[in-house]
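If you read the sequence from its start, that first residue is 1, and numbering goes on from there.
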Amino acid sequence: MSATIILGAQWGDEGKGKVTDYFAEAADFVVRYQGGNNAGHTVVIGEERFALSLVPSGVMNPNCTPVIASGCVVDPGVLLDEIDMLTGRGVDPSRLRLSSNAHLIMPYHRKLDAVKERYLGRQKIGTTKRGIGPAYADKYARQGIRVQDLFDTKIFVDKLETVLTEKNKILTRVYNQLPMDTREIVHEYQAFAERLRPYVDDTSLLVGSAISEGRQVLFEGAQGTLLDIDHGTYPFVTSSNPTAGGALTGTGIGPKAIDRVVGVAKAYISRVGTGPFPTELDDDDGETMVRVGGEYGTVTGRRRRCGWLDLVALRYSARVNSLTDLFVTKLDVLSQFETLNVATAYSSLGDYYTEFPRQQRVLYNCTPVLHELPGWKTDISGIRDPADLPDAATAYLHFIEDAVGVPIRWVSVGPERNQVIDFRPTATS
Ligand code: IMP
């Protein structure tokens with residue numbers, strides 16, 4: 001399998017960092033195709049925990065080239081801090097490649113993200129306040145500043161002056177903030193430019209050539225399907241396309257290049273920020289998931305909202321991404337429960353839904369139709385052979401496969417790299 005997309009099949013935080021790291025051992029390239037430092041990936045290697053937000057997990061493998069592709073938005077100060085952190089802890093980031101077409105997060109993007117959320121009050125999205133939405137908004141308004149602009153002072157200053165004239169009016173007149181100074185930003189970003197120069201590349205060409213040569217390429221999605229700007233629970237979404245299509249446009253390759261699309265799904269479900277969440281648990285069971293699953297955001301430290309596995313949403317995710325395999329994570333967290341529930345349908349406003357509803361009002365009013373399954377109440381974190389799983393755990397996994405129509409290929413039972421069960425050890429690829 002030469003080209004594999006690994007993406008979040010829920011609202012993000014499915015454990016993609018660990019999954020990508022698991023595959024990255026055999027990968028030649030790991031490509032981030034969307035999002036920015038709103039993502040948080042924790043990779044645990046032995047006693048060491050690495051929290052990455054921009055650099056792809058593949059950086060841990062010395063034979064792998066990590067790539068930040070053009071669909072990403074890059075805060076250069078954050079990227080350089082991450083590079084320094086890795087270097088300081090003995091990981092060599094020099095192989096990192098950064099697309100010259102990726103858009104830059106600018107100081108006014110961060111500012112606008114924060115003030116807009118305050119302005120929205122109860123209607124807020126609960127963003128990570130990293131400037132992601134405003135940076136993508138400028139990209140699509142065709143007034144974004146790209147990585148390549150850092151290396152052409154005239155273009156950089158011209159673009160910045162034009163855009164900052166508008167932004168300063170918005171900051172001062174709409175949000176009652178102080179204006180920002182062009183010279184300060186130019187000074188700060190020119191220093192970033194010199195340090196970033198060695199990493200900048202034509203990543204579409206690089207990745208396209210790698211695929212043609214049959215090299216192992218992993219595309220690492222950030223966030224998750226239900227946070228997709230087109231296919232998620234709009235407007236409570238991120239501003240990019242974490243779905244499989246985003247890997248193509250965000251890298252600059254075509255659909256025929258992809259061999260496999262792996263959906264990563266927690267054995268339950270969580271979301272951070274606001275927005276509809278049909279299977280959310282506001283009770284002790286939800287609290288147990290937060291406590292045992294360590295459900296606090298890597299980036300913002302916010303407590304994640306937790307609930308029973310939503311098979312309506314997962315089936316939707318399988319469809320919009322053409323999932324070929326599922327990687328189920330955190331099955332060990334469910335060992336706490338006497339009985340388990342999964343949502344097989346929704347009821348909302350007097351109707352019954354087996355497909356994920358498109359209408360915002362319908363989704364808001366959904367109550368899940370739950371199916372109860374027995375729990376197993378034993379520690380499964382040491383299991384590596386699927387034959388050793390308790391029958392109830394195997395039945396739970398088979399129930400998911402049947403409902404979603406996608407085979408579960410791997411199951412994770414703990415945070416360590418090796419705490420993975422190959423659920424189909426006889427599969428050939
Ligand atoms: P933004 O991406 O910072 O604009 O935030 C938009 C929404 O996406 C908010 O609900 C965030 O909590 C959510 N979000 C952004 N990044 C992640 C992530 O990596 N995991 C989970 N949720 C995220």
Counting only heavy atoms from other residues, nucleotides and ligands, does the tally under 6.0 Å from [atom1] of [X] exceed 12?
X	atom1	value
K129	NZ	no
D391	CG	no
Y296	OH	yes
K167	NZ	yes
D385	CG	yes
R49	CZ	no
Y175	OH	yes

For residues [X] and [Y], report the shortest heavy-atom separation together with the two atoms involved.
X	Y	result
K111	L171	CG-CD2, 3.6 Å
N61	A24	ND2-O, 2.5 Å
L218	T20	CD1-O, 3.9 Å
V217	A210	CG2-CB, 4.1 Å
I380	P390	CG2-CD, 3.6 Å
Y33	N241	CE1-O, 3.7 Å

- [ ] Show your reasoning for whether side-chain contact (heavy atoms from CB on, under 4.5 Å) applies to I383 and V413.
- [x] CA-CA 8 Å; I383 294 177; V413 289; 5.5 Å; no
Any side-chain donor paired with an acceptor under 3.5 Å for [X] and [Y]?
X	Y	answer
Q143	D138	yes
T238	N38	yes
S53	E82	yes
D201	T203	no

Report, one line per pair, each donor and acceptor closer than 3.5 Å where one atom sits in a side chain of residues 414-422; sequence neighbours left out.
{"residue": "R417", "atom": "NE", "partner": "D21", "partner atom": "OD2", "Å": "2.8"}
{"residue": "R417", "atom": "NH1", "partner": "E25", "partner atom": "OE2", "Å": "3.4"}
{"residue": "R417", "atom": "NH2", "partner": "D21", "partner atom": "OD1", "Å": "3.2"}
{"residue": "Q419", "atom": "OE1", "partner": "E416", "partner atom": "N", "Å": "3.0"}
{"residue": "Q419", "atom": "NE2", "partner": "S381", "partner atom": "O", "Å": "3.3"}
{"residue": "D422", "atom": "OD1", "partner": "R409", "partner atom": "NE", "Å": "3.4"}
{"residue": "D422", "atom": "OD1", "partner": "R424", "partner atom": "N", "Å": "3.2"}

Is it true that a side-chain atom of [X] and a backbone atom of [Y] form a donor plus acceptor pair closer than 3.5 Å?
X	Y	answer
D259	S2	yes
E401	P407	no
R260	I5	no
K16	Q223	yes
D228	D230	yes
R118	G121	no
R130	T128	yes
R319	L323	no
S317	A9	yes
D149	R146	yes

- [ ] Report the C-alpha separation of V262 and L326 in whole Å, then their side-chain angles, then the decisive distance to 0.1 Å, and conclude whether the side-chain contact (heavy atoms from CB on, under 4.5 Å) test is met.
- [x] CA-CA 6 Å; V262 178; L326 281 170; over 6 Å; no
- [ ] Quick one: sort the F327 and F23 rings into parallel, tilted or perpendicular, breaks at 30° and 60°.
- [x] perpendicular
Open item on the list: Let me confirm one number: the OG1-CG distance from T127 to D113, rounded to the nearest 0.5 Å.
Closed with: 3.5 Å
Task: Interatomic distance, L349 atom CG to D351 atom CG [nearest 0.5 angstrom] - done: 7.5 Å
Does the side chain of [Y] come within less than 4.5 Å of [X]'s, by heavy atoms?
X	Y	result
L178	T172	no
V55	L86	yes
V78	D81	no
W308	D285	yes
S57	E220	yes
L389	L397	yes
T329	K18	no
T225	P242	no

Open item on the list: My understanding is that only residues two or more places apart in sequence, or in another chain, count here; which of them pass ring pair (Phe, Tyr, Trp, His ring centres under 6.0 Å) with F236?
Closed with: none
Distance-only criterion, 3.5 Å: show the donor-acceptor pairs between side-chain atoms of residues 66-76 and protein atoms not counting sequence neighbours.
{"residue": "S70", "atom": "OG", "partner": "G250", "partner atom": "O", "Å": "3.3"}
{"residue": "D75", "atom": "OD1", "partner": "G77", "partner atom": "N", "Å": "3.4"}
{"residue": "D75", "atom": "OD1", "partner": "R110", "partner atom": "NH1", "Å": "3.4"}
{"residue": "D75", "atom": "OD2", "partner": "R110", "partner atom": "NH1", "Å": "2.7"}

Less than 4.0 Å between a side-chain N and a carboxylate O, is that true for [Y] and [X]?
X	Y	result
R304	D13	yes
D84	R195	yes
K124	E117	no
K266	E295	yes

TODO: Output, in order, the C-alpha distance, side-chain angles, deciding distance and verdict of side chain to side chain donor-acceptor pair (under 3.5 Å) for Y346 and D310.
DONE: CA-CA 10 Å; Y346 303 142; D310 186 337; 2.5 Å; yes
Open item on the list: I'd like to check the salt bridge (Lys or Arg N to Asp or Glu O under 4.0 Å) partners of R89; sequence neighbours left out, ordered by chain and number.
Closed with: E48
May I have the list of side-chain donor-acceptor pairs in residues 354-366 shorter than 3.5 Å, sequence neighbours left out?
{"residue": "R358", "atom": "NH1", "partner": "Y316", "partner atom": "OH", "Å": "2.7"}
{"residue": "N365", "atom": "ND2", "partner": "R361", "partner atom": "O", "Å": "2.8"}

Check: [X] ring centroid to [Y] ring centroid under 6.0 Å:
X	Y	value
Y189	F192	yes
H109	Y136	no
H371	F399	yes

Report all side-chain donor-acceptor pairs from residues 334-343 shorter than 3.5 Å, counting only partners two or more places apart or in another chain.
{"residue": "S335", "atom": "OG", "partner": "D332", "partner atom": "O", "Å": "3.0"}
{"residue": "S335", "atom": "OG", "partner": "W376", "partner atom": "NE1", "Å": "2.9"}
{"residue": "S335", "atom": "OG", "partner": "T378", "partner atom": "O", "Å": "3.1"}

Open item on the list: Please determine whether side-chain contact (heavy atoms from CB on, under 4.5 Å) holds for the pair S204 and D202, giving the CA-CA distance in whole Å, both sets of side-chain angles, and the decisive distance to 0.1 Å.
Closed with: CA-CA 6 Å; S204 162; D202 178 343; 3.8 Å; yes
